[in-house]
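Below is one structure; the comments refer to it alone.
These numbers were taken from a predicted model, which means no experiment stands behind them. As a basis for the values below, the full set of heavy atoms in this structure was taken, side chains included, without hydrogen atoms, waters or symmetry mates. All ligand and atom numbering here is 1-based and tracks the order in the structure.
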Amino acid sequence: MARYELVKRSVALITLTNPPVNALSSPVRHAIANSMERALSDPKVRAVVICGENGRFCGGADIREFAGPLRGPPLIPVLEAIEAGDKPVVAAIEGMALGGGFELALFCHYRIAQSKARLGLPEVTLGILPAAGGTQRLPRLIGIPAALEMITTGRHISAQEALKLGIVDQVTDQNACETALEFALKAVGKPLSPRRVSTLTTPCPPDLDALLEAATMQVKKKTPGVMAPLACIQAVRAAATMPYSKGMKQESELMATLFNSGQARALQYCFFAQRTAGKWTLPSGAQWNNSKPREIRSAAVIGLGTMGRGIVVSLARVGISVIAVESEKKLLENGRQMVIGMLERDAKRRGVSASLNLLKFTLSLQDLKDVDLVIEAVFEDMALKKRVFQELSKVCRPGTLLCTNTSGLDVDALAGVTDRPHLVAGMHFFSPAHVMKLLEVVCGPRSSSETIATAMSLGKKMGKVSVAVGNCPGFVGNRMLKPYLDQATFLLEEGATPEQIDKALEDFGFAMGVFRMSDLAGLDVGWRVRKESGLTGPDVDPKNPPRKRQGRRYCPIPDMVCEQGRFGQKTGRGWYKYDKPGDTNAKPDPLIQNLLETYRSRYGIQPRNISDQEIIERCLFVLANEGFRILEDGMAARPEDIDVIYLFGYAFPRHRGGPMFYASMVGLERVLERLEHYHQAHPDVPHLEPITMAYTGAQKALKSDKLDEAQALAKSCAGRPDFLPCDGLSICATHSHGKCFKLHWCCHLGWCHCKYVYQPMTNVAQLPSTPVPAAPSDCTDTIDLSISLTERFLRISPCFLPPPCPESPKYCNIAELFIDDYIVKRINGKMCYVQRPPIHTEAPSTPPQINPASLTPQKQHTEDKQTVEETVKGPKMGHCSSPSSSEDSGINALGGHYLESCEEESEDELSTDGHSSPGSLWDQDECTLLSPSKSIVEIIENIETTV
Ligand SMILES: CC/C=C\C=C\CC(=O)SCCNC(=O)CCNC(=O)[C@H](O)C(C)(C)COP(=O)(O)OP(=O)(O)OC[C@H]1O[C@@H](n2cnc3c(N)ncnc32)[C@H](O)[C@@H]1OP(=O)(O)O
């Protein structure tokens, strides 16, 4: 974790060795502390240099450690020992010094930076503040204004800027470590006191209060409702007004508040979710690390509308030569001028020369015969796109990849008209394409893994956050948007105003409410789509009730707004009025208020007061509900992918984590209950029906037509770093195909390709601890909650925490729980899955008394124990069994499970009377899930899978 060497006979060189970013994990902190002690006590050592391996100084604290209790030495005392030492310590900064890494450098007496290095305190972006002295030391070093700006924005600065600000002492084009070694030797003997930042006085500007006030206003405007930047300002104020030690105390108190906040969890989740999305996976098993992308040197873009132009710019600025095609001379010339203008402005801003020589503009598709990849960006019309793809098929060389920038049309239908359906995929950019970071890469059923790998890799090269999604109407982002927009207009019908709905959403954290956003995007686009899909317009049968379409509720208000020529900002009128077309300052319009009142009275709707809570719940829970459906349908691989799409494509507030994360933070029971509530009130709105309900009752018959739930679960988990193939171990005898998987933590169900085989294996401490919903008063032991696997998955991993340490001794294993119908039991307020007992005809009227010992044959204990030990040691996994053998072994799961999970327990603890001994471990948190210490074991869910 850190290497210690004596170099040049008298300099201790400490190299951090914790790939990929030399984060300050517990072992690294240990190693720094030990190395410093050694260096300071060795009389041969006259100076110390600290650097990072592989050209990266340090990426800061190990963010993964934030999820659990702090282990190992706290960072601050380790760093204080560096500053307090009587030998000069020089930080040799290559690559990056971020967060705790930057703070480490600030505790050193000198800092040398390689010219390409970046420095910064990005903690604010993770919902925390620089709490290893960053907020107290940086202002002392560079003054309040510059420190405030760096700390509240988290901006990374260049080595040159750091030199200018006085953060580093020297910038070198050479190896920073070599330079630092020379520098260190020269520093020997010079007084260290002035180099100790903690002893400096913060230069305090006379207008401190005004400065801090302005900063406060600025962050409140830029990131409304976000706590961390405000806490940063308070900490910096302390640096200006308090002695160092008091300031440090203040910093630590502020950190304590932030550290456990939901915002910090959300923002840290976003950090990892973004990186997880790059690790794409397809149902076929193809994924980021087993599929090779092609290199794309040349591309073509068809259509030079807003989207096409943005795509051309995105490609050209990363050095890909582009042929841009239009159908008419005038459009081509217009597009050419606009693209050149955009590239020139972009290059000026980035201080580089515009890559105009990479561009070619043409009216002929024939010019595309040699390009590596084509992105079609013509009008959103299937017939037109099909014609283009047929033509491309004829013109382009056989290996050219053909991509479409459709925002929701069937990619496979386009693939079907080509001679190379495997080389066709969707590349759904967001407008404006050269600005927006999101790219949905749409995998058609026939898209090859190489095609997807290439599109994903091209997206990354263009600086996009690319997410692989399935091919369904609207893909992921726009599919979810529809129910969200519907809810907003239904709320209008019921009594809300656009201003009220927008305000509620903006207070939640959206930069723009749904109506302001629609005005910006233009209302005519959606109107055209609705007309084309027969929801409105002359083709609609006049006998159709205006507020019903295809058997479900329909709100015609948006059509009525468009019929008045109100298309949003561009026409100066939409849901709001604007001073002139193109203006952005939205003002409430009494005409809209009139329209709503007339509408309501025409349809006999009594307007009611609608709370902000209802607005948020209906708009956002319906969004998450559709997300669950998308996971169930296998159209997104993981909830993180959905969240990333909403964060980067739809401006979902980052400190809320995304719609799926938000739902998990609210608590899925609550989301479920509210959706049920709203669905009961609005039964003609299917999107309000919780996905969990789709598999119960009257819908049950449909289940066989649906994708199997277990498959959906596995799909939703495949590719997660915590969802690991179990090394090709032999699997069930009857279904000897595929591989087994195991979920370490997020779910205690694993899955193998014989889709009914579950292999629970999880860390006891991580087993579901979601509070169990209160039982109905008239029936205290049973709630007939039939929930889907996808939901359960999310429900028990409410914040997608990282996996526990693999060496954790607390794995439990229900090796043979592979049943088709099992029960979730509540034990001590937590949940446990066991096989349904032999069928009893009647549900017990009182809570069943489970006698664990009687459920647990002794022989099975021993066998299970064996399995657990193997599990703990390594990836070896017990066999999965076929459903046919479930009856032999399933029931032992409960006993085997808890016995092995709490190895130190004697069987006495598993007392058949169900009462735990005082002080027993069964009473402690870590084992509560498995403890039968309360005699009442409640059945809280019936979960069925199809066999
Ligand atoms: C008392 C409290 C004391 C101290 C508190 C200190 C607070 C902190 O230091 S908070 C952390 C501050 N640091 C950061 O925010 C940096 C975060 N990382 C990045 O910005 C980037 O990763 C990067 C360092 C600029 C490198 O970028 P890039 O080269 O593009 O690689 P990535 O794909 O982003 O990351 C590679 C790999 O590393 C993982 N990772 C990166 N940083 C951290 C980290 N700080 N902790 C843990 N893991 C980190 C990242 O998740 C990637 O992992 P994969 O598994 O490969 O996806």
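- With respect to atom 4 (C) of ligand 1, the closest heavy atom belonging to the protein is L75 CD2, 3.6 Å.
- Residue contacts with ligand 1 do not include F102, since none of its heavy atoms lies under 4.0 Å from the ligand.
- Under 3.5 Å, the side chains of Y269 and D643 contain a donor-acceptor pair of N or O atoms.
- With atom 26 (C) of ligand 1 as the reference point, the heavy atom nearest to it among H156, E65, M96 is part of M96.
- Between S115 and Q160, the side chains place no donor N or O within less than 3.5 Å of an acceptor N or O (distance only, hydrogens not considered).
- Regarding atom 53 (O) of ligand 1, its nearest protein heavy-atom neighbour is R64 NH2, 4.1 Å.
- Contact annotation for D62 and ligand 1: heavy atoms of both the backbone and the side chain come within less than 4.0 Å of the ligand.
- Compare S252, A23, A61 by their heavy atoms: the one nearest to atom 45 (N) of ligand 1 is in A61.
- The protein heavy atom nearest to atom 25 (C) of ligand 1 is L98 CD1, 3.8 Å.
- Any N or O atom pair closer than 3.5 Å counts here, and G59 shares at least one such pair with ligand 1.
- Counting heavy-atom neighbours within 6.0 Å of K460 NZ, excluding the residue itself, gives a total of 12 or less.
- Counting only heavy atoms from C-beta outward, the side chains of R638 and T281 approach each other to under 4.5 Å.
- Atom CD of Q174 has 12 or fewer heavy atoms from other residues, nucleotides or ligands within 6.0 Å.
- The G60 neighbourhood of ligand 1 comprises atoms 9 (O), with distances under 4.0 Å to a heavy atom of that residue.
- Ranking the protein heavy atoms by distance from atom 37 (C) of ligand 1 puts P20 CG, 3.5 Å first.
- With Q114 contributing its side chain and A176 its backbone, the two residues share no donor-acceptor pair below 3.5 Å.
- For atom 2 (C) of ligand 1, the choice among P130, A131, P74 with the nearest heavy atom turns out to be A131.
- Counting protein heavy atoms under 4.0 angstrom from atom 30 (O) of ligand 1 gives zero.
- Within 6.0 Å of CZ on R275 lie more than 12 heavy atoms contributed by other residues, nucleotides or ligands.
- For the pair M150/I142, a side-chain contact is recorded, criterion being any heavy-atom separation below 4.5 Å from C-beta on.
- Counting all heavy atoms, side chain and backbone alike, L148 lies closest to A215 at CD2-CB, 3.6 Å.
- Any N or O atom pair closer than 3.5 Å counts here, and G100 shares at least one such pair with ligand 1.
- Within the listing of ligand 1, atoms 51 (O) sit less than 4.0 angstrom from a heavy atom of F272.
- Minimum heavy-atom separation, A12 to Y4: CB-OH, 3.6 Å.
- Contact annotation: R56 has at least one heavy atom less than 4.0 Å from an atom of ligand 1.
- Scanning R275, K279, E103, K460 for the heavy atom closest to atom 57 (O) of ligand 1 points to K279.
- One side chain, R137 or Y244, offers a donor N or O that lies under 3.5 Å from an acceptor on the other.
- None of L258, T216, T223, L129 except one satisfies the side chain to side chain contact (heavy atoms under 4.5 Å, CB included) rule with L230; the exception is T216.
- With a 4.0 Å cut-off on non-hydrogen atoms, L24 does not touch ligand 1 at all.
- Heavy-atom contacts of L126 reach the following atoms of ligand 1: 10 (S), 11 (C), 15 (O) (cutoff under 4.0 Å).
- Residue I63 has at least one N or O atom closer than 3.5 Å to an N or O atom of ligand 1.
- Here the protein heavy atom with the shortest distance to atom 19 (C) of ligand 1 is F271 CE1, 3.9 Å.
- Crowding of Q218 atom CD: a count of heavy atoms from other residues, nucleotides or ligands under 6.0 Å not exceeding 12.
- Ranking protein heavy atoms by distance to atom 43 (C) of ligand 1, first place goes to V21 CG2, 3.7 Å.
- Near G99, meaning under 4.0 Å from one of its heavy atoms, ligand 1 places the atoms 9 (O), 12 (C).
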